Each structure stands twice: as C-alpha cells, then as structure tokens.
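One structure is given here, and the rest of the page talks about it.
Note that the structure is predicted; figures quoted are calculated from it, not measured. Proteins come first, then strands; the chains are lettered A, B, ... in the order of their sequence lines, and each starts at number 1.
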Protein chains: 2
Amino acid sequence: MMGALLDEATEILRSRGGRMTSQRKRILESLELLGSHPSADEIFAFVSQSDPTLNLSTVYRTLRWLEQEGLISARHFHFDEDRRTDRFDAASPIDHHHFICTECKSVIEFDNRLIGEVKNQFSRQTNCWVQSVSVVLYGLCPNCQK
Amino acid sequence: MMGALLDEATEILRSRGGRMTSQRKRILESLELLGSHPSADEIFAFVSQSDPTLNLSTVYRTLRWLEQEGLISARHFHFDEDRRTDRFDAASPIDHHHFICTECKSVIEFDNRLIGEVKNQFSRQTNCWVQSVSVVLYGLCPNCQK
DNA sequence: AAATTATTGCAAATCATTTGCAATAAAAGT
DNA sequence: ACTTTTATTGCAAATGATTTGCAATAATTT
C-alpha cells in the first residue's frame with residue numbers, strides 16, 4: 001500500500017522518457033505521509049525539512065503534473081477565508097467525497113452509494129453525461145461542536 | 001419575483017445605516033439578470049455598459065458584502081483551466097446544486113432529496129453536525145456530447 | 001567520460017482579489 | 001435649500017497564490 005503513488009508515478013514517468021528525481025520522490029512521499037489535503041505551501045514546508053534547497057515552483061510543477069496524469073486531484077474548499085489556495089489529494093479523485101470542519105479545518109473522507117444514484121437520476125432527467133461528482137459537506141466535527 | 005434580491009438587500013442596508021447607491025442597485029440588478037453564475041469581471045463588464053464609471057473594486061466590495069449577508073454565494077467550479085476565479089450565485093446558497101458542462105461551461109442547477117439523505121447518513125455515522133452541502137457534477141450537456 | 005536533454009532554482013510575471021486613502025455623494029441636521 | 005456627517009466610491013498600489021522564462025544542473029544515453 002505504502003509507496004503505491006510513487007510506484008505508479010515512476011512507471012508513468014518511465015513510459016514518457018521522464019526522470020524520477022530526488023525532488024519528485026520526496027514530494028510524492030510527502031503526499032502519502034501528509035494525509036490531510038495539504039496545500040502546495042504545506043508540502044513545500046514539509047519537504048524543505050529534509051531538502052532545504054527545494055524550490056516552491058518545483059512543488060507546483062510536480063503537483064500539476066501528477067494532477068494531469070490523474071494520480072492526484074486539486075481542489076479548493078471554500079471557507080470564508082482561505083478562498084484561493086488549492087489543496088491536493090493523494091487519493092484517487094474518483095468516488096470519494098469530503099466533510100470539512102469549518103472550525104478546525106479537519107477533513108473527513110467518505111463515500112455513499114446514494115451519490116451514484118443522484119448522478120444517475122440527474123443523467124436520466126437531463127440527458128447530460130456525468131463524468132465526475134464532487135460532494136463537500138461543511139459543518140462541525142464532534143470535537144468542535146460544544 | 002423580480003427585484004427580490006434588491007428588496008432584501010435594501011432592507012438589510014437600511015437596518016444597518018447603509019446606503020443604497022446607484023452602483024449597488026445596478027450590481028444587484030445584474031445579478032438577477034445574468035442568470036448563470038457570473039464572475040466579478042462579467043458583472044463588471046455588464047454594468048459598465050450602463051455606467052462606464054463603475055470600478056471593479058466596487059463590484060468586489062458589493063459582492064463580498066452580499067455574500068456575508070447570505071444573499072448570494074461565491075464558489076469556484078474547477079475545470080482544468082479557470083482555477084482561480086470566483087463565480088457568484090444570486091440564488092440562495094441552500095439546497096441547490098450544480099451540473100457544469102466542461103465543454104461549453106454552461107451551468108444547470110438541480111436538487112435531489114437523496115442529497116439530504118446522504119447528509120443524514122453521514123451525520124449519524126460520524127456525529128458530525130453538517131451545516132451545508134455542495135454537490136457539483138461535471139460532464140457534458142446534451143449539446144456537447146456528439 | 002562526453003553528449004544530450006529533462007528538470008531544477010531563481011527571479012520576474014500573472015492574475016484575481018483586496019486595501020489605503022483622498023474625493024464624492026447619500027442621508028441627517030439645521 | 002444648505003451645511004454637516006460619514007458611508008461609499010474610484011483610483012492606484014499591494015497582496016498572495018500560482019505560473020513561466022531561462023540559464024544552470026543533473027539524469028540518462030551514447
């Protein structure tokens with residue numbers, strides 16, 4: 001399980017004449033280690049600890065490449081503040097959704113097969129072809145409720 | 001029905017010692033006229049036709065104020081490109097969701113009571129208190145499918 | 001080991017959005 | 001109506017996340 005992202009990425013890289021550099025390796029590792037939808041800055045800060053020469057633009061380039069290859073997904077969660085920073089999700093972008101605690105900013109991932117049903121009903125009613133679904137719940141986690 | 005947003009806004013404004021200026025009036029009107037989730041720029045372009053002296057920062061200030069008052073909602077839809085522009089929705093932010101055609105960028109609003117069920121099931125399972133739900137479907141509208 | 005070229009670091013550019021401030025214009029007081 | 005008060009505007013500059021050009025660096029190939 002561990003290293004799955006790195007393995008996949010390495011393979012794709014190879015098949016395109018790309019190079020698995022130490023920077024990319026560290027960034028990929030950090031995506032698996034930092035569970036909770038880190039921003040580019042957070043990844044940068046984390047990897048910088050072990051490689052102080054890493055540059056932020058390398059982080060962005062790597063993340064965008066991973067995104068294009070479909071290995072990770074980028075999105076914003078829009079609280080009142082933080083409206084502009086992308087967050088990156090190491091998990092497959094397909095069929096998993098998010099709850100966000102607007103207080104402590106923690107993220108819980110979930111799935112529910114009713115969501116597939118919502119998608120199907122919409123398709124049937126409108127003749128739209130639905131490629132992907134994003135469900136985000138905003139609220140308070142048990143800790144932040146009292 | 002027409003002017004509902006303007007009426008509500010005027011009332012809130014009054015109750016706070018605020019002033020209903022011509023700029024605000026035009027921006028509010030444009031939000032009702034431009035149906036489809038315009039960006040600040042689009043609103044600016046539209047209102048500029050009738051008031052060439054309007055400034056973009058006034059548009060932003062008005063939109064953010066409306067957002068804070070809960071009269072409109074701001075969000076991004078993330079296609080591959082346009083990752084950074086907010087889109088503003090004159091409709092109530094509660095209980096209505098979006099389909100976006102990734103080809104022609106058209107937006108279809110919808111609702112489905114299964115979504116409430118998804119929310120309830122999640123709450124029950126996690127003890128999280130869910131305040132709002134956002135569902136976005138991405139795909140191709142009938143026109144763009146062939 | 002030399003040649004090739006993908007990738008990096010750096011600095012500058014973008015672009016949507018925000019903010020400080022002096023000028024303007026609603027609304028209130030006279 | 002006329003002055004005063006102060007919310008709101010326009011303008012220009014600042015911000016902050018992300019992107020990009022380019023020369024230097026380092027994987028891979030020869």
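Under 4.0 Å is where a charged nitrogen must lie from a carboxylate oxygen, and between B/R14 and B/E11 no such pair does. Salt-bridge check for A/D86 with A/R64: passed, with a basic side-chain N closer than 4.0 Å to an acidic carboxylate O.
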Between B/D41 and B/R87, does the salt bridge (Lys or Arg N to Asp or Glu O under 4.0 Å) criterion hold? Intermediate values first, please. CA-CA 10 Å; B/D41 251 330; B/R87 315 221 138 251; over 6 Å; no
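A heavy-atom distance below 4.0 Å to DNA chain C is reached by these residues of residues 47-54 of chain A, ordered by number: A/T53, A/L54.
A residue-by-residue look at B/T58 and B/G17 shows that B/G17 has its nearest nucleotide of DNA chain D further toward the 5' end.
Counting non-hydrogen atoms of neighbouring residues, nucleotides and ligands closer than 6.0 angstrom, the CD atom of A/E69 exceeds 12 such neighbours. For B/E117, the CD atom sits in a packed shell: over 12 heavy atoms of surrounding residues, nucleotides or ligands are nearer than 6.0 Å.
Counting only residues at least two apart or in different chains, ring-ring contact (aromatic ring centres under 6.0 Å, His included) contacts with residues 22-45 of chain B comprise B/H37-B/F77, B/H37-B/H98.
When heavy atoms are screened at a 4.0 angstrom cut-off, B/R24 is found touching the sugar-phosphate backbone but no base atom.
Applying the side chain to side chain donor-acceptor pair (under 3.5 Å) rule to A/D51 yields the partners A/T53; only residues at least two apart in sequence or on another chain are considered.
Paired with B/P38 under the rule side-chain contact (heavy atoms from CB on, under 4.5 Å), one option of B/I43, B/L33, B/L63 passes, and it is B/I43.
For the residue pair B/S57/B/N55, the side-chain donor-acceptor check at 3.5 Å is satisfied.
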Any N/O pairs under 3.5 Å between the protein and nucleotides 14-17 of chain C? List them or say none.
unit_1 : atom_1 : unit_2 : atom_2 : d
C/dA16 : O3'    : B/R84  : O      : 3.2
C/dA16 : N3     : A/R84  : NH1    : 3.3
C/dT17 : OP1    : B/D86  : N      : 2.5
C/dT17 : OP2    : B/Y60  : OH     : 2.1
C/dT17 : O5'    : B/Y60  : OH     : 3.0
C/dT17 : O4'    : A/R84  : NH1    : 3.2

Atom pairs under 3.5 Å, N or O on each side, protein against nucleotides 24-30 of chain C: can you list them with distances?
unit_1 : atom_1 : unit_2 : atom_2 : d
C/dA26 : N3     : B/R19  : NH1    : 3.0

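From A/Q23, atom CD reaches atom CD1 of A/I27 across 7.5 Å, with rounding to the nearest 0.5 Å.
The nearest pair of heavy atoms linking A/S30 to A/F46 is CB-CD2, 3.5 Å.
Taking the six-membered ring for Trp, A/F122 and B/F99 have ring centres closer than 6.0 Å.
A heavy-atom distance below 4.5 Å is not found between the side chains of A/I72 and A/D89.
Where DNA chain D meets chain A (any atom under 4.0 Å from a heavy atom), the bounding nucleotides read 5' to 3' are D/dA17 to D/dT28.
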